Amino acid sequence: MSVVEQYARVQVLTDVDDGRCIPVVLRYDPEDDPRSVRIGLPGPRYFTFARELLERGLRAPAGTGEVRVWPCGRVRAVVEFHPGQGGCSVVQFDAGDLLRFLKRTYAAVAEPVPR
């Protein structure tokens, strides 16, 4: 099984919509935890959560804890991060980036183990 890492640019959503984009990294390591994905924001700040939450959040609002995901129209998705020390970061992804990442994570698990 191989690690999947994908880079994306997301729009930061704030009260003042300045169109600012930041780089993030999406990471999946099936040997670490085959049910979890990780998103890294600049800082570095990493959030690990269920891969299934990301998948559900592309169709309907999902999550109640540190990470929440919901669709935003047909081509975008919003991910909201609530770190334990307070505050909130809200970013908007191109939903296609998240779908490609999820497909790659499922393909990584399905790869045959070398002998």
Side-chain angles (χ1 to χ4, degrees):
M1 293 188 270
S2 56
V3 173
V4 174
E5 199 166 83
Q6 180 176 312
Y7 296 87
R9 293 192 62 77
V10 298
Q11 184 175 5
V12 177
L13 301 178
T14 63
D15 291 341
V16 179
D17 189 8
D18 59 3
R20 183 172 51 117
C21 289
I22 60 170
V24 297
V25 62
L26 302 156
R27 184 173 170 84
Y28 174 72
D29 185 347
E31 290 188 16
D32 184 38
D33 182 354
R35 294 178 308 251
S36 295
V37 294
R38 188 175 199 186
I39 296 181
L41 301 174
R45 292 180 292 166
Y46 292 94
F47 295 87
T48 302
F49 57 98
R51 178 172 58 170
E52 190 258 337
L53 169 65
L54 185 58
E55 188 173 355
R56 278 186 307 136
L58 290 172
R59 294 186 305 271
T64 57
E66 188 176 77
V67 179
R68 300 170 189 166
V69 183
W70 64 90
C72 183
R74 297 186 70 160
V75 297
R76 304 248 185 258
V78 173
V79 181
E80 184 177 302
F81 303 98
H82 294 268
Q85 63 271 22
C88 176
S89 296
V90 182
V91 296
Q92 187 175 55
F93 279 86
D94 176 339
D97 288 342
L98 295 176
L99 285 169
R100 276 188 295 282
F101 173 69
L102 284 170
K103 285 180 184 177
R104 291 179 63 210
T105 68
Y106 287 111
V109 175
E111 289 178 1
V113 178
R115 294 180 186 211

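Since we're looking at a predicted model, the values are computed, not measured.
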Less than 4.5 Å apart, side chain to side chain, heavy atoms only: is that true for [X] and [Y]?
| X | Y | answer |
| --- | --- | --- |
| V37 | T48 | no |
| R27 | V3 | yes |
| Q6 | R104 | yes |
| V12 | V90 | no |
| Y28 | S36 | no |
| F93 | C72 | no |

What closest approach, in Å, do [X] and [Y] show between heavy atoms, and which atom pair accounts for it?
| X | Y | result |
| --- | --- | --- |
| G65 | H82 | O-CD2, 4.0 Å |
| P61 | W70 | CA-CB, 3.7 Å |
| A108 | S2 | CB-O, 3.5 Å |
| L53 | G63 | CD1-N, 3.3 Å |

Rounded distance (nearest 0.5 Å) linking atom [atom1] of [X] with atom [atom2] of [Y]:
| X | Y | atom1 | atom2 | result |
| --- | --- | --- | --- | --- |
| F49 | R38 | CZ | CZ | 11.5 Å |
| L102 | L54 | CG | CG | 4.5 Å |
| D97 | R9 | CG | CZ | 11.5 Å |
| F101 | L26 | CZ | CG | 5.0 Å |
| E55 | K103 | CD | NZ | 11.0 Å |

Discussion item. I'd like to check the salt bridge (Lys or Arg N to Asp or Glu O under 4.0 Å) partners of D29; sequence neighbours left out, ordered by chain and number.
Written reply: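 For D29 there are no salt bridge (Lys or Arg N to Asp or Glu O under 4.0 Å) partners, ignoring immediate neighbours.
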
Item to complete: Tell me whether the guanidinium CZ or amine NZ of R51 lies under 6.0 angstrom from the six-membered ring centre of Y106 and within 45° of its axis.
Response: yes

Worksheet item: So which pairs with a foot in residues 66-79 pass salt bridge (charged side-chain N to carboxylate O under 4.0 Å, His left out), sequence neighbours left out?
Response: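 Counting only pairs at least two positions apart or across chains, the salt bridge (charged side-chain N to carboxylate O under 4.0 Å, His left out) contacts touching residues 66-79 are R68-E80.
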
Worksheet item: Which residue, V69, V91, L13, forms the side chain to side chain contact (heavy atoms under 4.5 Å, CB included) with V78?
Response: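 Output: one option passes, namely L13.
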
Worksheet item: Going by side-chain heavy atoms closer than 4.5 Å, which hydrophobic residues are tied to Y46, directly or by a chain of links?
Response: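 Same cluster as Y46: Y7, V25.
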
